[in-house]
**Student:** 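Here's a structure for you.
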Protein chains: 2
Amino acid sequence: MTATKVTLKDVAARAGVSYQTVSKVLNGEMQVAPETMERIQAAVQELGYRPNRIARNMRAGRSFMIGYSWTQTEPGQVNHILDQFLSSMVREAGAVGYYVLPFPFREGNAQVETYRDLIKSGNVDGFVLSSVNYHDPRIQFLLKQQFPFVAFGRSNPEWDFAWVDIDGAAGTRQAVAYLIGRGHRRIAILAWPEDSRVGNDRLQGYLDAMQAAQLAPEPGYILRGEGTFEVGRAMTLHLLDLPADRRPTAIMALNDTMAIGAMAAARERGLTIGTDLAIIGFDDAPMAQYLFPPLSSVRQPIAEAGRKCVELLVALVEGREPEQRHVLLQPSLIIRASS
Amino acid sequence: MTATKVTLKDVAARAGVSYQTVSKVLNGEMQVAPETMERIQAAVQELGYRPNRIARNMRAGRSFMIGYSWTQTEPGQVNHILDQFLSSMVREAGAVGYYVLPFPFREGNAQVETYRDLIKSGNVDGFVLSSVNYHDPRIQFLLKQQFPFVAFGRSNPEWDFAWVDIDGAAGTRQAVAYLIGRGHRRIAILAWPEDSRVGNDRLQGYLDAMQAAQLAPEPGYILRGEGTFEVGRAMTLHLLDLPADRRPTAIMALNDTMAIGAMAAARERGLTIGTDLAIIGFDDAPMAQYLFPPLSSVRQPIAEAGRKCVELLVALVEGREPEQRHVLLQPSLIIRASS
DNA sequence: ATGATAAAGGCGAACGTTCGCCTAGAAAGA
DNA sequence: TCTTTCTAGGCGAACGTTCGCCTTTATCAT
């Protein structure tokens, strides 16, 4: 009802003390007589006082904002991570007095400039970076600026910075080991271009699992390309057109979109998915469970990752050295009818 | 490189003028001698000055922030809207000097309190509301507070507030008219509970299209339930178990998740989707195109909606009366193999 | 010559906090 | 009684802007 802003002075006037006293009392930095305390609290209640965040930040010289940027997906793709990740970050941040400031970008623009601006204008106290890759210019920049940040994903191993990541290799390793356990020997993998750090990590799990089972991975079984439906489909068609004795009986895809492409290809060749050809995806997109047949996939603890990113970042921002600067989370294999 | 913050005073000292002058010059509120101008600009460049946003907001008494909240989807569902909608809002907002402050919530918590807090603490200048429904308490609250907001979605028609919405009725109407044009007469609809404003809107389009074609919609063809895979599947099984002469030949689902459930049911009954049974969804989730068969659906102009919300809200916040307080956007029917 | 006007820029104040230091009075010890 | 110590709270300043008003000097028409 009070359209006008309620300030410390209003509260102080009503409680009959100085406004600085009100501030200190509310922040628990001062002992006052019980009755004064009560008067102040009553005034706060009656006027509905909330400290003005801008003024507080101004004084503190910080913004209590965490910048978060992600690459916007192209039309036709879906970012099923965003909701979970962002929600979990906002919740964790809110619990310690921070907000999250999102700034999506389309690739190709002068990203580092955006970061510089946000820093110089005092808009954010730190960043969470996602979709990081090997030579990520943002990491280089932020390291040079000595500005606090946490990367969701690893990068160049020579750079020393805080990160949270999901153990992609372990995910693929688990999935491929499962396939081997089910008797598969000819297992192909739909991988990503060599400049993809995430892709190489996940691929490594495949190599590890194969080696652990004494299986020499045939070079022809490792295909690389963009992680799209079309690429997944084309790769799988290629694999299925191999001579019968060399045709793979199982396919591991590095994401669900490719796996769905693989499913389409299998259908085109008249194969029954799950029996004629096993397929496992990665990411466990929500749609995976509704596909026909439901797609096995590797699920990542996204919410946990968001929480950890914020926890780590806030520690850095506030100058506390976190107990661990690197967090590696374990994904889990979800088996459905496709494998 | 300059770790320390650069302020107006630093620039002024270097340019040899007062800091207020620098402020005015940078904001284009003052005429100065060309050489002074140059000195100032040089100083800005060399020091890398960016105005401190917090101080600016403090002075302006506003935060230049737009609050945006959405209901976080349950695990297993996906919010394929969020990325597009949020990105488009952030972009549009950025173009006019605003940021977007996200605060997702799980249902059931004291939402209005969150809004009140954000207002009182001066954290936001206005809100964009999504997932609004008939008796939305947030709308009531914000109207009473006379605080600027724009709803993405309509609500109680008696309330007067600014909104942007997608013409769901038109979408369904178009889809059902298409089905009728293809010769279908027995068309069922998988609708939502009666307390869903969006659901009733979309349902109305079905009724309109049927009436326009002089088809009396059989009551048994209108099923209501939650918009989930399981519900869609169960409803469709029920429909398909009707006697052959009353079994529908086409199904319109109010979202893609239900449509996918319908597809699963059809498969269970051994029907070929697209020929034995036509299915159309709503939302055009990215996965729709990759299903088997690809799912026809109604696509909503999400990015456009995000832009409009921000445009409208900023007008309201800045006291300009927008030329139109209600924006109704048209969805488009995407025909694929499922119908 | 004179007053009016414009151009170029200075100066104080304010936004709402928090922080550090100060003070008045009371209690307590010598 | 005098000094010390504690308690409860006051007061000025500062964070970095923007805003309104003032001052100085030059220009111009009368």
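Please read these numbers as outputs of a predicted model, since none were measured by experiment. Throughout, a chain's letter reflects where its sequence line sits, starting with A, and its residues are numbered from 1.
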**Student:** I need the CZ-P distance between Arg39(A) and dA8(D), as an integer number of Å.
**Tutor:**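 Distance, rounded to whole Å: 13 Å.
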**Student:** Check the distance between dT17(C)'s C1' and Asn57(A)'s CG and give it to me in whole angstrom.
**Tutor:**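 Those two atoms, CG and C1', are 10 Å apart.
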**Student:** Find the distance Met30(B):CE to dC21(D):C1' and express it as a whole number of Å.
**Tutor:**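 Checked: the CE to C1' distance equals 12 Å.
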**Student:** Mapping Val32(B) and Ala55(B) to their closest nucleotides on DNA chain C, which lands nearer the 5' end?
**Tutor:**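 It is Val32(B) whose nearest nucleotide is closer to the 5' end.
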**Student:** How far does CD of Gln41(B) sit from CG of Leu26(B), to the nearest 0.5 angstrom?
**Tutor:**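 With rounding to 0.5 Å, CD (Gln41(B)) is 8.0 Å from CG (Leu26(B)).
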**Student:** OP1 or OP2 of dG9(C) sitting under 4.0 Å from any side-chain N/O of Thr36(B)?
**Tutor:**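 For Thr36(B), the contact criterion (side-chain N or O under 4.0 Å from OP1 or OP2 of dG9(C)) is met.
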**Student:** dG16(C) C1' sits how many Å from Ile54(A) CD1, rounded?
**Tutor:**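 It works out to 10 Å between those atoms.
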**Student:** To 10°, what angle do the rotation axes through the five end pairs on each side of the helix from dA1(C)-dT30(D) to dA30(C)-dT1(D) form?
**Tutor:**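 Its terminal axes enclose an angle near 60°.
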**Student:** Apply the test side-chain contact (heavy atoms from CB on, under 4.5 Å) to residues Tyr115(A) and Leu129(A): give CA-CA distance (whole Å), side-chain angles for both, the deciding distance (0.1 Å), then the verdict.
**Tutor:** CA-CA 11 Å; Tyr115(A) 285 78; Leu129(A) 309 181; 3.5 Å; yes
**Student:** Can you find a side-chain donor-acceptor pair between Arg14(A) and Tyr49(A) that sits under 3.5 Å?
**Tutor:**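 No.
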**Student:** Between Gln31(A) and Arg50(B), which has a closest nucleotide on DNA chain D that is more 5'?
**Tutor:**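 Here Gln31(A) is the residue nearer the 5' end.
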**Student:** To the nearest Å, give me how far apart CG (Asn52(B)) and C1' (dC15(C)) are.
**Tutor:**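 Atom-to-atom, Asn52(B) to dC15(C), this comes out as 13 Å.
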**Student:** With a 6.0 Å cut-off on the ring centroids, do Phe85(B) and Tyr68(B) count as close?
**Tutor:**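 Ring centroids of Phe85(B) and Tyr68(B) are less than 6.0 Å from each other.
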**Student:** Just to verify, which of Leu312(A), Leu316(A), Ile139(A) counts as forming a side chain to side chain contact (heavy atoms under 4.5 Å, CB included) with Phe149(A)?
**Tutor:**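 For Phe149(A), the side chain to side chain contact (heavy atoms under 4.5 Å, CB included) test succeeds with only one of Leu312(A), Leu316(A), Ile139(A), which is Ile139(A).
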**Student:** Under 6.0 Å between the ring centres of Phe147(B) and Phe127(B)?
**Tutor:**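 Phe147(B) vs Phe127(B): aromatic centres under 6.0 Å.
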**Student:** How many Å lie between CZ on Phe64(B) and P on dT17(D), as a whole number?
**Tutor:**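 Those two atoms, CZ and P, are 15 Å apart.
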**Student:** Is the phosphate of dG9(C), meaning OP1 or OP2, less than 4.0 Å from a side-chain N or O of Ser18(B)?
**Tutor:**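 For Ser18(B), the contact criterion (side-chain N or O under 4.0 Å from OP1 or OP2 of dG9(C)) is not met.
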**Student:** Which parts of nucleotides 18-27 of chain C does protein reach within less than 4.0 Å, heavy atoms only, written one letter per nucleotide 5' to 3' as B for base, S for sugar-phosphate only and - for none?
**Tutor:** BBBB------
**Student:** May I ask you to check if Arg138(A) and Phe141(A) form a cation-pi contact, with NZ or CZ under 6.0 angstrom from the six-membered ring centre and within 45° of the axis?
**Tutor:**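 No, Arg138(A) does not lie over the aromatic ring of Phe141(A).
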**Student:** Roughly, in whole Å, what's the span from NZ in Lys9(B) to P in dC15(D)?
**Tutor:**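 After rounding, the reported distance stands at 6 Å.
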**Student:** Suppose we screen for side chain to side chain donor-acceptor pair (under 3.5 Å). Which residues come up paired with Thr21(B), at least two apart in sequence or across chains?
**Tutor:**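 Thr21(B) satisfies side chain to side chain donor-acceptor pair (under 3.5 Å) with Ser18(B) only.
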**Student:** Taking atom CG of Asn156(B) and atom OH of Tyr134(B), what is their separation to the nearest 0.5 Å?
**Tutor:**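 So the CG of Asn156(B) and the OH of Tyr134(B) are separated by 9.5 Å.
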